[in-house]
Amino acid sequence: MLFEKEMKITGDTNTYVLHPNIKPYALKDVGFQVSNAGNYTLERSVDPTSPYNKNQMLKVVVAKDLSGFKMSTTNASGNARVNIFKGSHAEGNVEQYHFILQNLIDREILQKKD
């Protein structure tokens, strides 16, 4: 998958773009890891009861030159996309998802598209 300028998670009403002030050190400060290809990767559980329960994950990958990104919600192994806005645990998962994204917005990594 190519890096995009804007992304929208299945089920979410908001579209997100990279913040124009994004900095590599801010990515590292919030827990992004540098991959072998040089891209910045963040994987966080959206389970509100424990960050260690990795049933459903938010995965964000930012290009090494900060020109684009990928964002998805996946199962624990990361090989299938899931809609966290549906299902018996949707309310808690969505709340945790928004909490993670708000942290990225506050740190000038992402912003909501107008």
Side-chain angles (χ1 to χ4, degrees):
M1 180 195 308
L2 297 174
F3 290 102
E4 303 287 339
K5 297 290 183 191
E6 58 185 55
M7 293 294 300
K8 185 175 185 177
I9 296 292
T10 303
D12 196 351
T13 57
N14 297 312
T15 300
Y16 296 92
V17 297
L18 287 178
H19 196 283
N21 296 337
I22 189 171
K23 302 283 188 246
Y25 63 82
L27 293 169
K28 292 177 183 176
D29 283 350
V30 296
F32 279 81
Q33 302 292 315
V34 179
S35 70
N36 291 341
N39 299 319
Y40 300 92
T41 304
L42 178 74
E43 291 183 354
R44 291 285 185 261
S45 171
V46 294
D47 186 332
T49 60
S50 172
Y52 304 109
N53 292 340
K54 298 186 176 189
N55 296 332
Q56 296 179 340
M57 306 283 293
L58 171 65
K59 184 173 183 179
V60 182
V61 181
V62 178
K64 61 184 170 186
D65 62 359
L66 309 178
S67 63
F69 73 114
K70 300 181 237 183
M71 187 167 67
S72 62
T73 49
T74 66
N75 62 1
S77 62
N79 61 3
R81 291 179 183 236
V82 293
N83 184 348
I84 63 167
F85 291 82
K86 292 184 178 179
S88 59
H89 301 290
E91 185 178 339
N93 289 349
V94 170
E95 183 179 350
Q96 185 66 17
Y97 162 78
H98 284 128
F99 177 80
I100 295 166
L101 287 180
Q102 188 59 51
N103 185 38
L104 298 178
I105 290 167
D106 292 345
R107 301 292 224 115
E108 296 186 339
I109 294 169
L110 295 179
Q111 67 181 20
K112 288 182 185 177
K113 184 179 178 189
D114 296 329

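Sequence positions, counted from 1, serve as the residue numbers for this chain. Because only heavy atoms are used, hydrogens play no part in the values below, and waters and symmetry mates are left out as well, while side chains stay in.
One finds the CE atom of Met71 at 8.5 Å from the OG1 atom of Thr15 (value rounded to the nearest 0.5 Å). Of the inter-residue distances, the one linking Gln33 atom CD with Tyr40 atom OH reads 11.5 Å to the nearest 0.5 angstrom. The distance from atom CD of Glu6 to atom NZ of Lys112, rounded to the nearest 0.5 Å, is 15.0 Å. Rounding to the nearest 0.5 angstrom, the gap separating the CG atom in Leu104 from the OH atom in Tyr16 is 9.5 Å. Rounded to the nearest 0.5 Å, atoms CD1 (Ile84) and CG (Asp12) are 7.5 Å apart.
The environment of His89 atom NE2 is sparse: at most 12 non-hydrogen atoms of other residues, nucleotides or ligands sit within 6.0 angstrom. Within 6.0 Å of CD in Glu108 there are more than 12 heavy atoms belonging to other residues, nucleotides or ligands. Heavy atoms of other residues, nucleotides or ligands lying less than 6.0 angstrom from CD of Gln102 number more than 12.
Between the side chain of Thr41 and the backbone N or O of Val61, no donor-acceptor pair lies under 3.5 Å. Of the possible donor and acceptor atoms, one in the side chain of Lys5 sits under 3.5 Å from a partner among the backbone N and O of Ser67. Looking only at distances, a side-chain donor or acceptor of Asn39 sits under 3.5 Å from a matching main-chain atom of Lys64. In terms of modelled atom types and a separation under 3.5 Å, the side chain of Ser72 and the main chain of Thr74 share no donor-acceptor contact. With Asn93 contributing its side chain and Tyr97 its backbone, the two residues share no donor-acceptor pair below 3.5 Å.
Put simply, Val30 and Val60 are part of the same group of oily side chains (I, L, V, M, F, W, Y) that touch within less than 4.5 Å, one to the next. Follow the hydrophobic side-chain contacts under 4.5 Å out from Val46 and you never reach Phe99; the two are in separate clusters.
The minimum heavy-atom distance linking Gln111 with Pro20 is given by the pair OE1-CD, 3.6 Å. Minimum heavy-atom separation, Leu2 to Lys70: O-CG, 3.9 Å.
At a threshold of 4.5 Å between non-hydrogen side-chain atoms, the residues Phe85 and Thr10 do not count as touching.
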